[in-house]
Chemist: 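One structure is given below, represented as C-alpha cells, and several questions about it will come after.
If you're wondering where the values come from, they're calculated on a predicted model, not measured in any experiment. Both counts, for ligands and for their atoms, begin at 1 and track the order of listing.
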Amino acid sequence: MSERKYAIVGTGALGGYYGAKLQKAGSDVHFLLKRDYGKVSQDGLLVESKDGNFTLPQVNAYSDVAKMPKCDVVIVALKTTQNHLLPKLLPSIVKNDGIVLALQNGLGVEEEIAEILPKVHIIGGLCFLCSNKVGAGHIHHLDYGQIILGEYAHGYSSMGITDRMQQIAHDFQAAGISIELVEDLLLGRWKKLVWNIPYNGLSVVLNARTDELMADTYTRTLVEQLMYEVKAGAISMGRNLPDSFIQTMLDYTVKMKPYRTSMKIDYDECRPLEVEAIVGNPLRKAQEVGVNLPQINCLYHQLKFLDGRNRIGQLTVDS
Ligand SMILES: NC(=O)C1=CN([C@@H]2O[C@H](COP(=O)(O)OP(=O)(O)OC[C@H]3O[C@@H](n4cnc5c(N)ncnc54)[C@H](OP(=O)(O)O)[C@@H]3O)[C@@H](O)[C@H]2O)C=CC1
Ligand SMILES: CC(C)(CO)C(=O)C(=O)O
C-alpha cells in the first residue's frame, strides 16, 4: 500500500475515475467536489467500467480545501476552464516538497501552476482515457486509461525520469492503471495535441463524432492537415514528432469505438469549452516565435464564436 496521501481536485470523469482506482488499491485519497459533494459524502463513488464495475461506499469527500489535509500528491482534474480557481485551491493542500500532478488536456497548465507554487514539484500527465461523469459520483469509464507522465522544469527543459515520477507510476500501476514515463513533457503534450486539436475542434464545428470525421474523405483530409500543423507548432518550440506518429493517431482513431469528444459533450451541454488550453495556447506559443498556423487559427476563431454563443444561450436559459 502507498504511503502517499493523494488529493483529487475535481472529482469528475477523469479525477473520479483515477481517484477511485487509487483508493480501491489502498491509497489514501481525498476528493474535492463542488455540486456532487452532498451525494458523494453520503453514498461514495460508483465506477461503471468496461474492466469491471465497482463502488466505494465511503470516500473522504470535501467541499472546501480548508478542511482537507496537506497531501503528498495533488491531482489537478478540473476542466481547464476552471483553472483561474487554482490559486485559491492549491496552496493549502500541497505538502512542502509535495507534487502537483496536472492531468488536464492542452498546453500551459504546468506554467500556470509554477507561477502559483514556484517551489513544488510539478508533473504533467497525458491521459488516454474515455470517461464521462453521468451523475453525481457516478463515473462511466468507456475505454483506455493509460497515462504518460513527464516532470516539468522551467521552460519545459527535460528533467529525465525522476524518482518522483517513478513513485507515482508505482501507485498508479498498483491500481491497474498503465503508465509510461517520458523524459520530455513538452513533446508529450504536443503529441497529445495531435489528437485533441483536430478531433475536439472539428467535432464541435462540424457536429460530428470521431468515426464520422474519419469516414468522410473531406473531413479526414482536414484532420490530417490539422495534425501536420500541430507538428509545425511542436517544431516551433524545438520539438519534432515523426510523420509516422500522425499515421498512428489516424489509425488509432479509425479503430476507436465511435466517440463524441469531451469538447463536443461540453458544447452539447452548453458548458464552457476548453478552447484556450487546447487550441489557443498552442497557437499563441507558435505565434510568439513567428510561426503562423492558419488552419488552427481558423479553427480557434470558429470555436470562440460557438463557445461565446453557447454561453450567451446558457445565460438566457438560466435567467
Ligand atoms: N474525461 C476524459 O476521458 C478525459 C479528460 N481529459 C481532461 O481532463 C480534464 C478534466 O476533464 P473531465 O474529468 O472530463 O471533466 P469533468 O467536468 O467531468 O470533471 C471536472 C470536475 O471538476 C469539478 N469542479 C469544478 N469546479 C470545482 C471546484 N471549484 N471545486 C471542486 N470541484 C470542482 C466539477 O464539478 P461540478 O460538476 O460540480 O462542476 C467536475 O466534477 C480536462 O482537462 C479534460 O480535457 C483528458 C483525457 C480524457
Ligand atoms: C484521445 C482520447 C479520446 C482517448 O485516447 C483522449 O484522451 C481525449 O479525449 O483527450
Chemist: Would K5 and D72 pass as an ion pair if we require N to O under 4.0 Å?
Modeler: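 Not counted as a salt bridge, because no side-chain N and carboxylate O are separated by less than 4.0 Å.
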Chemist: Determine whether any heavy atom of N196 lies closer than 4.0 Å to an atom of ligand 2.
Modeler: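 Contact check N196 vs ligand 2: positive.
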Chemist: Taking N132 for its side chain and V134 for its backbone only, find out whether a donor-acceptor pair lies under 3.5 Å.
Modeler: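 Answer holds: no.
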Chemist: Going through the distances and angles, do D211 and K257 end up as a salt bridge (charged side-chain N to carboxylate O under 4.0 Å, His left out)?
Modeler: CA-CA 8 Å; D211 57 313; K257 289 184 198 124; over 6 Å; no
Chemist: In plain terms, say whether D97 and K119 are close enough for a salt bridge, that is, a side-chain N and a carboxylate O under 4.0 Å apart.
Modeler: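 No.
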Chemist: Do the side chain of T11 and the main chain of L32 share a donor and acceptor less than 3.5 angstrom apart?
Modeler: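 Pair found, side chain donor or acceptor close to backbone of L32.
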Chemist: One thing to verify: whether R284 and E276 come together as a salt bridge, which I'm taking to mean a side-chain N less than 4.0 angstrom from a carboxylate O.
Modeler: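 Salt bridge present between E276 and R284.
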Chemist: Under 3.5 Å, N/O to N/O: give me all the pairs between ligand 1 and the protein, one per line with atom names and distance.
Modeler:
{"unit_1": "ligand 1", "atom_1": "1 (N)", "unit_2": "S131", "atom_2": "O", "d": "3.0"}
{"unit_1": "ligand 1", "atom_1": "3 (O)", "unit_2": "L129", "atom_2": "O", "d": "3.0"}
{"unit_1": "ligand 1", "atom_1": "3 (O)", "unit_2": "S131", "atom_2": "N", "d": "2.9"}
{"unit_1": "ligand 1", "atom_1": "3 (O)", "unit_2": "S131", "atom_2": "O", "d": "3.4"}
{"unit_1": "ligand 1", "atom_1": "13 (O)", "unit_2": "A13", "atom_2": "N", "d": "3.3"}
{"unit_1": "ligand 1", "atom_1": "13 (O)", "unit_2": "L14", "atom_2": "N", "d": "2.8"}
{"unit_1": "ligand 1", "atom_1": "18 (O)", "unit_2": "A13", "atom_2": "N", "d": "2.9"}
{"unit_1": "ligand 1", "atom_1": "37 (O)", "unit_2": "R35", "atom_2": "NH2", "d": "2.8"}
{"unit_1": "ligand 1", "atom_1": "37 (O)", "unit_2": "K133", "atom_2": "NZ", "d": "3.1"}
{"unit_1": "ligand 1", "atom_1": "38 (O)", "unit_2": "R35", "atom_2": "N", "d": "2.8"}
{"unit_1": "ligand 1", "atom_1": "38 (O)", "unit_2": "R35", "atom_2": "NE", "d": "3.2"}
{"unit_1": "ligand 1", "atom_1": "43 (O)", "unit_2": "N105", "atom_2": "N", "d": "3.2"}
{"unit_1": "ligand 1", "atom_1": "43 (O)", "unit_2": "E274", "atom_2": "OE2", "d": "2.7"}
{"unit_1": "ligand 1", "atom_1": "45 (O)", "unit_2": "N105", "atom_2": "ND2", "d": "2.9"}
{"unit_1": "ligand 1", "atom_1": "45 (O)", "unit_2": "E274", "atom_2": "OE1", "d": "2.7"}

Chemist: Quick one: which ligand 2 atoms are inside 4.0 Å of a heavy atom on Y259?
Modeler: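 With Y259 as reference, the close atoms of ligand 2 come out as 3 (C).
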Chemist: Of the side chain and backbone of Y199, name the one, both, or neither that has a heavy atom under 4.0 Å from an atom of ligand 2.
Modeler: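 The answer is neither; Y199 stays 4.0 Å or more away.
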Chemist: Backbone or side chain, does any N or O of C127 fall under 3.5 Å from an N or O of ligand 2?
Modeler: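 Looking only at distances, the answer is yes, because the N/O contact criterion of under 3.5 Å is met.
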Chemist: Run the salt-bridge test on D36 and K133 with the 4.0 Å N-O cut-off and return the result as yes or no.
Modeler: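 Answer for the salt bridge query: yes.
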Chemist: Of all the atoms in ligand 2, which lie at a distance below 4.0 Å from a heavy atom belonging to N105?
Modeler: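 Every atom of ligand 2 under 4.0 Å from some heavy atom of N105: 10 (O).
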Chemist: Considering only heavy atoms, does F128 approach ligand 2 within less than 4.0 Å through its side chain, its backbone, both, or neither?
Modeler: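 Both backbone and side chain of F128 come within 4.0 Å of ligand 2.
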Chemist: Could you state the interatomic distance from CG (L206) to CG (L222), rounded to the nearest 0.5 Å?
Modeler: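 Interatomic distance, L206 CG to L222 CG, rounded to 0.5 Å: 7.0 Å.
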Chemist: Distance under 4.0 Å to a non-hydrogen atom of Y252: what atoms of ligand 2 satisfy this?
Modeler: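 The list of qualifying atoms is 4 (C), 5 (O).
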Chemist: Are Y252 and Y144 near enough that their ring centres are under 6.0 Å apart?
Modeler: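 Yes - the distance between ring centres of Y252 and Y144 falls below the 6.0 Å cut-off.
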